[in-house]
Amino acid sequence: MTTQRAYPQSKEALLKSYMTRLKDDVKSILVNYEEIVKLAKTDNETQLSRMTQCEQDTFEMHVRAANIVRAGESLMKLVSDIKQYLILNDFPSVNEAITQNSKLFRTKQQECDQKLASLRDDMAADLYDLEEEYYTSIYK
């Protein structure tokens, strides 16, 4: 059974929620592991028959192992949530990347403006020479 958890919006509440999830999942793994180890001990004095006790212990081990797996998957989901939070809310690095790109594009723009201005000046000088040649030509 999967449950959808509602996450608080504030940063402090979200971090507290992450810590609570972490502690709960680790505690679940620890408790279930301890119970599996306790089941491994053999008790000769039981009211149940040996086969019935063996079946009951096997079933309980399966349930506890499933609980450990569920807690492990929950921890993996927690790690994924934390990574997503860091990626989406890492504003200083996002701002730094934007600033770097902005500086790079401004530099490129200045280089292009300088090249265009130089090209314009060269074309104007060539056009002036061509016009002068045309108007002074006897073939016009």
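These numbers come from the heavy atoms of this one structure, side chains and all, not from hydrogens, waters or symmetry mates.
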Single-linkage hydrophobic cluster, 4.5 Å side-chain cutoff, [X] and [Y] together:
X	Y	value
I68	L30	no
I36	F59	no
L88	Y18	no
L22	L86	yes
L15	L75	yes

Would a distance-only check, ignoring hydrogens and angles, find a side-chain to backbone donor-acceptor pair under 3.5 Å from [X] to [Y]?
X	Y	answer
S80	M76	no
S102	I98	no
S118	Q114	no
S28	D24	no

Distance check, rounded to the nearest 0.5 Å: [X] atom [atom1] versus [Y] atom [atom2]?
X	Y	atom1	atom2	value
D121	D126	CG	CG	11.0 Å
I82	I87	CD1	CD1	12.0 Å
E60	K38	CD	NZ	10.5 Å
S17	M19	OG	CE	11.0 Å
M123	L130	CE	CG	10.5 Å
N67	N32	CG	CG	4.5 Å

Cut-off 3.5 Å, side chains only: do S49 and T52 have a donor facing an acceptor?
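S49 vs T52: donor-acceptor pair found between side chains.
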Looking only at side chains, do S74 and R70 share a donor and an acceptor under 3.5 Å apart?
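Their side chains do not contain a donor-acceptor pair, so the 3.5 Å distance test is not met.
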Considering non-hydrogen atoms only, spot the tightest contact between A71 and D25 and give its length.
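Looks like CB-O, 3.6 Å.
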OH of Y33: more than 12 outside heavy atoms within 6.0 angstrom?
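It does not: Y33 OH has 12 such atoms or fewer within range.
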In this structure, are over 12 heavy atoms from other groups packed under 6.0 Å from E111 atom CD?
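Counting neighbours around CD of E111, more than 12 heavy atoms of other residues, nucleotides or ligands fall under 6.0 Å, so yes.
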Electrostatic pair K77:D81 at N-O distance under 4.0 angstrom:
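Yes, charged N to carboxylate O under 4.0 Å.
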